[in-house]
Engineer: 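I am attaching a structure below and will ask some questions about it afterwards.
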Number of protein chains: 2
Amino acid sequence: MAQLFHPSREDITLAGVLSALADPMRLRIVKSLMEQKDCMSCTAAAPCPDMAKSTLSNHFRILRESGLIHTTKQGVEHRNVVREADLNARFPKLLKTILGYAE
Amino acid sequence: MAQLFHPSREDITLAGVLSALADPMRLRIVKSLMEQKDCMSCTAAAPCPDMAKSTLSNHFRILRESGLIHTTKQGVEHRNVVREADLNARFPKLLKTILGYAE
DNA sequence: TTCAATAGTTCACTAGTTCTGAACCATTGA
DNA sequence: TCAATGGTTCAGAACTAGTGAACTATTGAA
């Protein structure tokens with residue numbers, strides 16, 4: 001399995017963050033992760049149970065590559081956290097403002 | 001020519017706004033319009049002069065249909081304004097926060 | 001060790017979107 | 001009436017997203 005790519009803090013772009021969050025499913029994933037305040041596996045954070053695994057995997061990849069989440073392998077599953085510190089350093093209040101309006 | 005469609009204030013969605021602003025060109029268009037504080041024609045607000053007319057037209061349509069801008073026909077040209085009041089009523093501070101990070 | 005179960009990824013396909021040039025429409029001014 | 005200006009629409013090429021099937025990696029049980 002290929003190494004999971006994460007952009008460094010300074011490589012996180014506004015366009016990347018916005019386009020990652022522009023998808024309602026990904027917005028719900030990030031919201032779930034934020035509310036949990038703890039690492040979550042991909043399936044645990046899935047916005048709806050009937051979503052195809054490959055689709056879910058793709059959403060997590062987009063969130064990861066845009067710098068919104070950090071993923072680590074832990075045994076058989078992947079643990080995900082929102083990169084709050086990096087995002088707040090890069091774009092203060094942006095994440096909180098956007099997530100505040102997510103249903 | 002078809003009538004220009006504008007969503008009503010309550011039909012402006014977060015996903016629509018975010019995906020409209022997720023494109024760097026559209027972000028620059030909105031930023032220009034905000035800075036101008038006055039109506040601007042489509043070509044005047046164009047982020048780069050070499051962009052195809054059809055592409056520009058499409059960007060303005062997306063901005064219009066997502067509720068970000070309001071367009072009125074005035075003679076031969078279209079005058080555009082950012083729907084600040086509607087956006088601030090719907091998602092307070094969102095626009096200002098996002099545009100603050102646009103280069 | 002072997003084998004099945006679990007959690008994700010990758011691949012190939014289909015469906016939809018974006019960018020572009022060409023053709024078009026509406027308004028204005030000569 | 002006719003050319004110029006400012007946009008829109010259309011069709012095609014290039015790209016992107018969603019999905020099932022096949023795959024990889026880890027774990028736990030026999």
Side-chain angles (χ1 to χ4, degrees), chain A residues 1-7 13 15-30 32-33 36 38-66 68-82, chain B residues 1-6 13 15-30 32-33 36 38-66 68-81:
Chain A
M1 201 176 292
Q3 201 59 25
L4 299 172
F5 170 75
H6 293 91
T13 65
V17 169
L18 293 181
S19 94
L21 293 178
D23 183 285
M25 291 303 156
R26 290 196 290 266
L27 198 58
R28 287 170 62 183
I29 291 171
V30 173
S32 294
L33 291 175
Q36 203 63 20
D38 206 24
C39 289
M40 279 177 98
S41 70
C42 295
T43 40
C48 40
D50 57 335
M51 174 175 280
K53 272 201 308 178
S54 49
T55 306
L56 193 61
S57 175
N58 190 47
H59 282 315
F60 274 92
R61 184 183 56 77
I62 290 170
L63 289 172
R64 199 163 56 229
E65 295 183 351
S66 67
L68 270 160
I69 64 172
H70 190 273
T71 306
T72 45
K73 292 188 67 173
Q74 198 159 43
V76 76
E77 60 185 24
H78 287 197
R79 309 294 287 172
N80 301 284
V81 235
V82 178
Chain B
M1 201 177 296
Q3 201 60 24
L4 299 172
F5 170 75
H6 293 91
T13 65
V17 169
L18 293 181
S19 94
L21 293 179
D23 183 285
M25 291 302 157
R26 290 196 291 266
L27 198 58
R28 286 170 63 182
I29 292 173
V30 173
S32 292
L33 290 175
Q36 205 61 22
D38 206 23
C39 288
M40 279 176 99
S41 70
C42 296
T43 39
C48 41
D50 57 336
M51 173 174 281
K53 271 202 308 179
S54 49
T55 307
L56 193 61
S57 175
N58 189 48
H59 281 316
F60 273 92
R61 183 182 58 76
I62 290 170
L63 288 172
R64 200 163 55 229
E65 296 184 352
S66 68
L68 270 160
I69 65 172
H70 191 272
T71 306
T72 45
K73 292 189 67 174
Q74 198 159 44
V76 76
E77 61 185 23
H78 287 197
R79 309 295 286 172
N80 302 284
V81 235

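The chains referred to below are lettered A, B, ... by the order of the sequence lines, with proteins before strands, and numbering in each begins at 1.
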Engineer: Roughly how many Å is it from CG in A:Asp23 to C1' in C:dG16, rounded to a whole number?
Structural biologist: 14 Å

Engineer: Within this structure, what is the CD-to-P distance between B:Glu77 and D:dG7, rounded to whole angstrom?
Structural biologist: 6 Å

Engineer: Any side-chain heavy atom of A:Arg79 sitting closer than 4.5 Å to one from A:Ser41?
Structural biologist: yes

Engineer: Between A:Cys42 and A:Leu56, what is the shortest heavy-atom contact and its length?
Structural biologist: O-CD2, 3.8 Å

Engineer: Quick one: A:Met25 CE to D:dG18 C1', roughly how many Å, whole number?
Structural biologist: 12 Å

Engineer: Provide, to the nearest angstrom, the distance between the CZ atom belonging to B:Phe5 and the P atom belonging to D:dT8.
Structural biologist: 15 Å

Engineer: Picking from C:dA7, D:dG7, C:dC19, which would you name as closest to the side chain of B:Thr43?
Structural biologist: D:dG7

Engineer: When rounded to the nearest 0.5 angstrom, what is the spacing between OG1 in B:Thr72 and CD in B:Glu77?
Structural biologist: 9.5 Å

Engineer: Tabulated below should be each protein N or O lying under 3.5 Å from an N or O of nucleotides 27-30 of chain D; please produce it.
Structural biologist:
none

Engineer: Taking only residues two or more places apart in sequence, or in another chain, which ones meet A:Thr71 in a side-chain hydrogen bond (donor to acceptor under 3.5 Å, both in side chains)?
Structural biologist: A:Asn80

Engineer: I'd like to check the ring-ring contact (aromatic ring centres under 6.0 Å, His included) partners of B:His70; sequence neighbours left out, ordered by chain and number.
Structural biologist: B:His6

Engineer: Looking at A:Val17, A:Ile29, A:Val82, A:Asp23, which hits side-chain contact (heavy atoms from CB on, under 4.5 Å) with A:Leu63?
Structural biologist: A:Ile29

Engineer: Can you tell me how far P of D:dG7 sits from CE of B:Met40, to the nearest Å?
Structural biologist: 11 Å

Engineer: Take atom NZ of B:Lys53 and atom P of C:dC24, then tell me their distance rounded to the nearest Å.
Structural biologist: 13 Å

Engineer: B:Met51 CE to D:dG7 P: how many Å, rounded?
Structural biologist: 14 Å

Engineer: Checking B:Arg64 now: which residues fulfil side-chain hydrogen bond (donor to acceptor under 3.5 Å, both in side chains) with it, not counting sequence neighbours?
Structural biologist: none

Engineer: Measuring from atom CZ of B:Phe60 to atom CG of B:Leu33, what distance do you get when rounded to the nearest 0.5 angstrom?
Structural biologist: 6.0 Å

Engineer: When the distance from NZ of B:Lys73 to P of C:dC25 is rounded to whole Å, what number comes out?
Structural biologist: 13 Å

Engineer: Kindly state which residues belonging to residues 55-65 of chain B come within less than 4.0 angstrom of DNA chain C, counting heavy atoms of the residue only, listed by number.
Structural biologist: B:Thr55, B:His59

Engineer: Show every side-chain hydrogen bond (donor to acceptor under 3.5 Å, both in side chains) that has at least one partner inside residues 46-61 of chain B, sequence neighbours left out.
Structural biologist: B:Arg26-B:His59, B:Asn58-B:Arg61, B:Arg61-B:Glu65

Engineer: By nearest nucleotide on DNA chain D, pick out whichever of B:Ser41 and A:Ala52 is the more 5' one.
Structural biologist: B:Ser41

